[in-house]
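Here is the structure we will look at.
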Amino acid sequence: MSIAVAVAGASGYAGGELLRLLAAHPEFEVRTVTAHQNAGQSLSSVHPHLHSYRDLVLAETTRETLAGHDVVFLALPHGQSGAITDGLGSVGLVVDCGADHRLTDAADWASFYEGDFHEPWTYGLPELVLAGGGTQRERLVAAKRIAVPGCNVTAITLGLAPGIRDRVVMADDLVAVLAVGTSGAGKSLKPELLASEIAGSASPYAVGGVHRHTPEIRQNLAAAGGRNVSVSFTPVLVPMSRGILATSTARLAPGIRAAEVRASWEAAYADEEFVTLLPEGRFPKTADVVGANTALLGLAVDESAGRVVVVSAIDNLVKGTAGAAIQSANIALGLPESLGLPVNGVAP
């Protein structure tokens, strides 16, 4: 018997990507799609590429509309999920792609977001290595409420966590610069996202520690065993629709030699289907992961600077959002973790 699914915020980029992936999932049946401004329109009018859903009509996003499903995926703007999730007690599994249930510290929420703080849910990054051993995957088994990570967070966390867990790098001097595709900014009309503004240009934003993903990165790397975690990251908007290329660096721990470093990442991801450490000397491109639920990593040691450099590539809409949501839901429901999720990208 199929699992009844509703997708809230289905008219946006994240909601559309959830639907694209869910269409190939053999166990999930999308029965309801909701929106705000686009409510009442056919789904095909906002997502003409989703031909298999051409008969669906976008309903209003209300608790009543979402209740009665087995699984609800929320792809709503930050700060809007909490008001909905408080009334979904009857739904067996709720997966939130927004930030409302990611942070464990109310002070962090107040510093970086607006609105009320909501209780943290089980964190949806299965491959996050934990200080006490194991991964976040074990915590997702039979979970009823899941918070999907931020896309920038995923790229940086997967890049740095293994070295921090094994104490081959220091957690108090982390720096990352990310090239980010424009879909990460959502579907709202904004002057700075117009084609004439983006084409042929690279634009930094949220510079100087003010990006909302900062406390979430610290939270993850502390869970991996980081002490006094300090991270400075700068996202740069580049003229591509999808993808994140994160270059993250950390200081080598005292007494650690370059030859010891690679073993930490190899051990962490040796058995992971969706996270791959590339052979020595190779580094990923965002084109390698378009449409796939994969994270590709390249690793180097800058011996003259005493720093480890990790380059991470993900599709921000797949491994960075919708793919992570479905992967986590699979684990929670006892389904094969990779069910319905592509490992192959699209090229050219």
Side-chain angles (χ1 to χ4, degrees), residues 12-14 16-18 20-21 75 78 97-99 102 124-128 148-162 174-187 192-193 198 201-207 210-214 216-218 220-221 231-250 265 269 272 274-278 282-299 309-327 341-347:
Y13 288 137
E17 194 67 0
L18 273 165
R20 184 181 74 86
L21 296 175
H78 301 317
C97 294
R102 293 174 186 164
L125 184 55
E127 301 91 351
L128 171 60
V148 180
C151 53
N152 296 310
V153 180
T154 297
I156 295 174
T157 299
L158 293 176
L160 292 174
L174 307 174
V175 179
V177 177
L178 291 73
V180 181
T182 56
S183 60
K187 207 173 183 180
E192 65 271 22
L193 298 179
I198 291 296
S201 180
S203 310
Y205 64 99
V207 179
V210 299
H211 196 288
R212 290 175 167 181
H213 287 171
T214 300
E216 189 183 343
I217 296 167
R218 291 198 304 255
N220 287 355
L221 298 181
V231 58
S232 175
F233 88 97
T234 304
V236 180
L237 208 61
V238 296
M240 61 184 183
S241 58
R242 290 172 177 255
I244 294 175
L245 190 73
T247 302
S248 306
T249 76
W265 277 261
Y269 298 134
E272 294 293 352
F274 295 118
V275 183
T276 300
L277 177 65
L278 298 178
R282 282 184 54 191
F283 297 91
K285 308 183 300 295
T286 55
D288 301 334
V289 295
V290 171
N293 191 52
T294 50
L296 301 183
L297 311 180
L299 177 68
V309 181
V310 187
V311 180
S312 315
I314 64 170
D315 184 324
N316 58 293
L317 291 178
V318 188
K319 186 58 177 165
T321 308
I326 294 171
Q327 183 181 347
L341 295 171
V343 294
N344 296 321
V346 178

Side chain proximity check, [X] to [Y], heavy atoms < 4.5 angstrom:
X: Thr157; Y: Ser312; value: no
X: Met240; Y: Thr182; value: no
X: Leu297; Y: Leu278; value: no
X: Lys319; Y: Thr294; value: no
X: Leu158; Y: Leu125; value: yes
X: Val318; Y: Arg20; value: yes
X: Tyr205; Y: Val180; value: yes
X: Phe233; Y: His213; value: yes

Measuring from [X]:[atom1] to [Y]:[atom2], what's the distance to the nearest 0.5 Å?
X: Asn344; Y: Asn293; atom1: CG; atom2: CG; value: 12.0 Å
X: Gln327; Y: Leu341; atom1: CD; atom2: CG; value: 6.5 Å
X: Glu17; Y: Cys97; atom1: CD; atom2: SG; value: 11.0 Å
X: Ile198; Y: Leu237; atom1: CD1; atom2: CG; value: 4.0 Å
X: Asn152; Y: Ile217; atom1: CG; atom2: CD1; value: 7.0 Å

Between [X] (side chain) and [Y] (backbone), is there a donor-acceptor pair under 3.5 Å?
X: Thr214; Y: His211; answer: yes
X: Trp265; Y: Thr276; answer: no
X: Tyr269; Y: Glu127; answer: no
X: Ser183; Y: Ser241; answer: yes
X: Asp288; Y: Lys285; answer: yes
X: Asn316; Y: Gly243; answer: yes
X: Arg102; Y: Glu216; answer: no

Leu299 vs Val309, side-chain contact (heavy atoms from CB on, under 4.5 Å): CA-CA, chis, key distance, verdict: CA-CA 6 Å; Leu299 177 68; Val309 181; over 6 Å; no
Stepwise side-chain contact (heavy atoms from CB on, under 4.5 Å) test for Ile314 and Thr154: CA-CA 8 Å; Ile314 64 170; Thr154 297; 4.2 Å; yes
For the student: nearest non-hydrogen atoms of Pro342 and Gly291, plus distance: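 That closest heavy-atom pairing would be CG-O, 3.2 Å.
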Stepwise side-chain contact (heavy atoms from CB on, under 4.5 Å) check, Leu178 with Ile156: CA-CA 9 Å; Leu178 291 73; Ile156 295 174; 3.7 Å; yes
Residue pair Val236, Ser203: steps toward the side-chain contact (heavy atoms from CB on, under 4.5 Å) verdict: CA-CA 5 Å; Val236 180; Ser203 310; 5.7 Å; no
